[in-house]
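Sequence lines set the chain letters: A, B, ... in the order given, protein chains first and strands last, and positions in each chain run from 1. Just so we're clear, the structure is a prediction, and the values are computed from it rather than from any experiment.
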Amino acid sequence: MAIKVEHELHERRKGRNIGLLLLLIGFVGIVFGLTVVKVLQLGEAGKFERFDHVARPQLEPATQSTEGSE
Amino acid sequence: MTDASLQDTTYEASMGDYFALLKPRVMSLVVFTALAGLFVAPVPVHPFIAFVGILCIAVGAGASAALNMWWDADIDRIMKRTVGRPIPSGRVQPEEALAIGLALSGFSVVLLGLAANWLAAGLLAFTIFFYAVVYTIWLKRSTPQNIVIGGLSGALPPMIGWAVATGTVTVESALMVALIFMWTPPHFWSLAIFVKSDYGRAGVPMLTETHGRRVTRNHILGYMVALVPVSLAIAFTSIGGPIYLVTAVALNLWFGKACYDVWARASEDEAEADRFALERRAFKVSLAYLFLHFTALMAEAALRGVGFGGW
């Protein structure tokens with residue numbers, strides 16, 4: 001038995017479905033492109049670098065000052 | 001009747017039918033003038049943000065066109081020029097057009113706000129509202145000045161383009177809006193004189209039908225005269241310059257003469273006899289008039305970029 005049931009409707013709506021797929025791919029491309037452009041416009045990465053699931057003490061100004069005073 | 005047999009007899013709208021709802025031809029003028037507004041702005045924009053900004057403006061214009069087709073489906077069914085549109089021809093259901101119009105309106109405004117700034121997004125929202133509600137729902141069927149006031153929505157795209165780049169509204173962007181706003185009446189009415197329309201049958205009060213061609217000719221000349229100072233004033237702002245000034249003077253003489261000829265027609269019989277040759281010419285000149293004005297502004301901006309242009 002076929003896993004996928006084909007219906008005549010699938011064939012009839014093929015053009016619409018492909019069109020919708022292309023629109024969605026375009027939308028993803030726009031969001032990705034905007035993200036890249038906006039992030040790069042922030043300038044030096046160090047200015048907005050933050051913890052990325054792993055603790056990075058060197059990014060914490062308070063830690064640095066404490067170490068310096070000892 | 002089963003669901004299957006019902007679907008067999010129903011027309012399935014294609015992507016092309018949905019695209020036709022967005023009035024792609026009108027969209028091209030919107031894209032051109034918005035691009036000009038963005039290009040002449042003194043603040044450089046990243047090309048990708050500029051692309052997304054123009055895309056949002058185009059989609060917003062398309063959304064308002066879909067809302068227009070949804071509301072006007074009843075009169076579109078009556079007029080020959082519009083009977084082939086997606087809704088009157090039965091290819092797209094009215095509810096679909098409404099849903100697409102509302103969804104694309106929200107989508108384009110929010111994306112423009114996120115990509116550029118919220119002033120540009122607000123102006124786009126206002127443009128969509130003005131075209132769909134103020135023009136389509138309110139003015140179109142109530143006054144022969146419909147296209148004059150409604151023309152504001154078609155005039156706003158350069159201001160949105162400018163706002164995408166600068167985040168401000170200035171005298172320069174306001175004058176670009178005024179240029180298209182004052183240009184619309186002589187452009188549209190010169191077309192209305194020679195195109196046989198059935199607006200009257202559909203109950204739409206177009207000036208040619210409510211007041212006749214003589215009054216329309218007077219209005220064409222009147223608006224043309226009012227257009228001249230707007231066109232020339234741009235030359236003396238930060239986006240103008242000698243190239244623009246020379247172009248604007250030449251274009252005003254050219255279009256002014258064409259409008260004068262339309263006004264000076266001795267009789268309607270004469271117009272019928274030469275098959276509205278002067279009115280057709282005025283319409284064609286009007287297209288060149290607007291296109292060349294914005295081209296001259298872009299030329300000034302391009303030259304300014306390499307150390308020339310401007311005053």
Side-chain angles (χ1 to χ4, degrees), chain A, chain B residues 2-22 24 43-60 62-63 66 86 91-93 96 99-100 103-104 106-118 120-121 164-165 167:
Chain A
M1 199 175 94
I3 295 172
K4 203 171 108 189
V5 180
E6 272 298 334
H7 189 275
E8 171 269 339
L9 187 69
H10 295 137
E11 191 56 40
R12 194 148 40 99
R13 285 200 173 163
K14 203 172 184 179
R16 252 163 81 162
N17 290 338
I18 290 172
L20 189 61
L21 174 71
L22 293 176
L23 281 179
L24 289 173
I25 290 173
F27 179 63
V28 170
I30 285 171
V31 173
F32 179 70
L34 278 177
T35 308
V36 170
V37 170
K38 294 261 174 187
V39 168
L40 291 179
Q41 279 181 344
L42 289 170
E44 201 189 320
K47 285 183 186 165
F48 54 89
E49 194 177 15
R50 289 292 178 268
F51 298 120
D52 184 16
H53 302 287
V54 179
R56 299 184 62 190
Q58 68 271 29
L59 293 175
E60 205 53 69
T63 315
Q64 283 169 358
S65 62
T66 314
E67 282 170 359
S69 63
E70 278 173 0
Chain B
T2 64
D3 283 352
S5 61
L6 183 73
Q7 279 168 355
D8 285 344
T9 54
T10 311
Y11 175 82
E12 203 78 50
S14 69
M15 283 307 273
D17 294 326
Y18 292 128
F19 187 61
L21 278 178
L22 312 183
V43 183
V45 189
H46 190 285
F48 191 76
I49 293 187
F51 163 73
V52 175
I54 297 295
L55 184 73
C56 288
I57 298 169
V59 171
R91 304 200 306 278
V92 173
Q93 297 305 308
E96 287 182 298
I100 288 172
L104 290 183
F107 170 82
S108 58
V109 169
V110 171
L111 188 62
L112 187 60
L114 294 171
N117 57 68
W118 292 101
V164 165

Chemist: Checking B/F107 against chain A: side chain, backbone, both or neither under 4.5 Å from a heavy atom?
Modeler: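 Side chain only.
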Chemist: Supply the atom-to-atom distance A/Q41 CD to B/H46 NE2, rounded to the nearest 0.5 angstrom.
Modeler: 6.5 Å
Chemist: Which bit of A/L23 comes within less than 4.5 Å of chain B, counting heavy atoms only: side chain, backbone, both or neither?
Modeler: side chain
Chemist: For B/L114, is it the side chain, the backbone, both, or neither that has a heavy atom closer than 4.5 Å to a heavy atom of chain A?
Modeler: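 For B/L114, the contact with chain A is made by the backbone alone.
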Chemist: Do A/V37 and B/V52 touch side chain to side chain, with heavy atoms closer than 4.5 Å?
Modeler: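 A side-chain contact is absent here, since even the closest heavy-atom pair is not under 4.5 Å.
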Chemist: Is there a side-chain contact between B/M15 and A/L22 in this structure, where contact means two heavy atoms from C-beta onward sitting under 4.5 Å apart?
Modeler: no
Chemist: State the CG-CG distance between B/L111 and A/L34, to the nearest 0.5 angstrom.
Modeler: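 So the CG of B/L111 and the CG of A/L34 are separated by 6.0 Å.
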